[in-house]
Number of protein chains: 2
Amino acid sequence: MARKSLVGVVADELLDRIIAGEFPPGSSVPGELELSAKHEVSRMTVREAMKTLEAQRILSVERGRGTFVNPLNRWASLEAVLRAASEGVNDASAAIQLIELRRMLETGACELAAGRISDAEIGTLHGYVAAMRKAHDSDDLAAFVEADLAFHDVILRASENVFVAVLFEPLHRVLEKRRTQTSKFRDIQEHAIGHHQAIAEALESRDAGRSRSAMDAHMQQTLDDLKTYVLEAKTA
Amino acid sequence: MARKSLVGVVADELLDRIIAGEFPPGSSVPGELELSAKHEVSRMTVREAMKTLEAQRILSVERGRGTFVNPLNRWASLEAVLRAASEGVNDASAAIQLIELRRMLETGACELAAGRISDAEIGTLHGYVAAMRKAHDSDDLAAFVEADLAFHDVILRASENVFVAVLFEPLHRVLEKRRTQTSKFRDIQEHAIGHHQAIAEALESRDAGRSRSAMDAHMQQTLDDLKTYVLEAKTA
DNA sequence: CAAATGTTAGATGTCTGACATCTTACAAAT
DNA sequence: ATTTGTAAGATGTCAGACATCTAACATTTG
């Protein structure tokens, strides 16, 4: 684990204070000098921390006036918004919203991919389904998750839309922890294998509507699994 | 127009050189000292420029080794990817991909909004449609575009999904120039009014599928308009 | 000879202190 | 009452220094 640099620590702590509501949107954060005193670092270190938050559109720096907090809907960092949205009891709501978002992108990408996917990629998809089946039989969780992720990645690339891939990347990173968590259950694995098989066949038929529906069904199942196994378990 | 700070200039120029292929993904960019000499600024200025690119996941800085260019699919900035994707003759392709992406998010948000939108918001939607009609009659382009944007914004909020709003924000910013461009044509305005009317009515019925279809038809029309009026005109 | 260790060059990380420039508020002059 | 001057406080930039990490090479050691 790489130790965080001072800049990273300062940026994190400042973001925490913002999320905690100490500096609401529109208000200004303390000046660079004040922050450098509070965190016991030099002004340059504070400036670099500010620059990272500014690049994520969390802060707006105005020369001569100060540094201000942007409203949450202008933040450009999914991770930061996720941290803000997971405060308090909203964690379950945030998890559901993330899957809703994933559903939009994955079903959309799948619909596009139907008209663009190559025969070789179809073959690769079937290969990953077989890998999932094998991992399921030998009870290899890591291999199962890896094949699952690779399957979706092929479809994403086949959609031939760079921007979808870019927006999906941070989502992927945020969800990958949860993925391993839900894939632990053997019956969920069985459901997933069936859905992936159906998706691969739909894409093979090059039918955009059918491909979309197949992916949509998979996403619906994922949402149901999350509610049933993860969120319910948490309340118990 | 606010003059760009030196940091912004350095960051922009470095990004340009990266996009031009001078530093391909995986390779390292020149050291801070070398860059500060080339751009005739201090090392701190270069560092702050690097920090902004690092925060957008365009660069990865490794202490003691150097600073490296990330593959494009890991970049977290839609704008930067757009700049990279618009190189050469791919501009038309990039424009189409952007609308494909918008289609996914808007249709998805509309589908969610159908089950969550309030009566007051429905009223607001009809109000904006009326405003579009009025702006069309009085030939007020600015008012037309404003009502159009506000209409979509209401739906986005009604979807009650923070993450969709976050991902949509940079897209909104990128597309708003083009929006004014296409809305110039009076027959496009007429098409748009009809579609917005249909979307509002679909949402009023609280039918998720119908709402999705209505928004999807609108997006299809937008795509067609782009191809017909903007892209065709460019080749002429 | 091979493995462990020391050295050094080059890169990023951080600090200190200074000056420049912009914004705002307030006081003074017209 | 309007304009102008002044000063305080904020960010922007600079210069130079030292610390620390990495990688490559040289050296010592078993």
Side-chain angles (χ1 to χ4, degrees), chain A residues 1-15 17-18 22-71 74-76, chain B residues 1-15 17-18 22-71 74-76:
Chain A
M1 176 78 88
R3 291 195 314 284
K4 279 203 172 167
S5 63
L6 280 183
V7 172
V9 171
V10 172
D12 261 10
E13 290 186 10
L14 185 54
L15 181 54
R17 293 172 73 186
I18 292 172
E22 192 170 343
F23 314 115
S27 72
S28 69
V29 299
E32 297 170 349
L33 235 157
E34 185 175 341
L35 284 177
S36 73
K38 169 157 292 189
H39 294 276
E40 295 183 334
V41 296
S42 77
R43 195 184 145 215
M44 297 313 301
T45 302
V46 171
R47 278 184 63 78
E48 293 190 6
M50 299 274 222
K51 269 278 175 298
T52 71
L53 296 182
E54 188 191 12
Q56 296 172 176
R57 299 182 189 279
I58 294 170
L59 296 178
S60 284
V61 181
E62 296 181 27
R63 178 172 184 173
R65 298 198 347 111
T67 304
F68 303 87
V69 180
N70 288 328
R74 281 193 193 157
W75 293 13
Chain B
M1 176 77 87
R3 292 195 315 283
K4 279 205 173 168
S5 64
L6 280 184
V7 173
V9 172
V10 173
D12 260 10
E13 290 186 11
L14 185 54
L15 181 53
R17 293 172 73 186
I18 291 172
E22 192 170 343
F23 313 116
S27 72
S28 69
V29 300
E32 297 170 348
L33 234 156
E34 185 176 340
L35 284 176
S36 74
K38 169 157 291 188
H39 293 275
E40 293 182 337
V41 296
S42 76
R43 195 183 147 217
M44 295 313 302
T45 302
V46 171
R47 278 184 63 78
E48 292 190 4
M50 299 275 221
K51 269 279 174 296
T52 71
L53 296 182
E54 188 192 10
Q56 297 174 150
R57 299 182 189 278
I58 294 170
L59 296 178
S60 282
V61 182
E62 296 181 27
R63 178 172 186 176
R65 296 197 349 109
T67 304
F68 303 87
V69 179
N70 288 329
R74 281 192 194 159
W75 293 13

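Just so we're on the same page: letters track the sequence lines, and every chain starts at 1.
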Report the distance from atom [atom1] of [X] to atom [atom2] of [N], rounded to the nearest whole Å.
{"X": "K4(A)", "N": "dC21(D)", "atom1": "NZ", "atom2": "P", "result": "18 Å"}
{"X": "E48(A)", "N": "dT12(C)", "atom1": "CD", "atom2": "P", "result": "12 Å"}
{"X": "L33(A)", "N": "dG17(C)", "atom1": "CG", "atom2": "P", "result": "12 Å"}
{"X": "R63(B)", "N": "dT22(D)", "atom1": "CZ", "atom2": "C1'", "result": "10 Å"}
{"X": "E32(A)", "N": "dC15(C)", "atom1": "CD", "atom2": "P", "result": "14 Å"}
{"X": "R47(A)", "N": "dG13(C)", "atom1": "CZ", "atom2": "C1'", "result": "16 Å"}

With side chains defined as the heavy atoms from C-beta onward, is the minimum distance between L59(B) and L14(B) less than 4.5 Å? yes

M50(A) versus V29(A): any side-chain heavy-atom pair under 4.5 Å? yes

Nearest nucleotide by nearest heavy atom, which residue falls closer to the 5' end of DNA chain C, M50(B) or M44(A)? M50(B)

salt_bridge(K51(B), E48(B)) N-O dist < 4.0 Å: no

Taking only the side-chain heavy atoms of V41(B) (C-beta and beyond), determine which of dT20(D), dG12(D), dC14(D) contains the nearest atom. dC14(D)

Counting heavy atoms from C-beta on, name the nucleotide in dT16(C), dT12(C), dT23(C) closest to the side chain of T67(B). dT12(C)

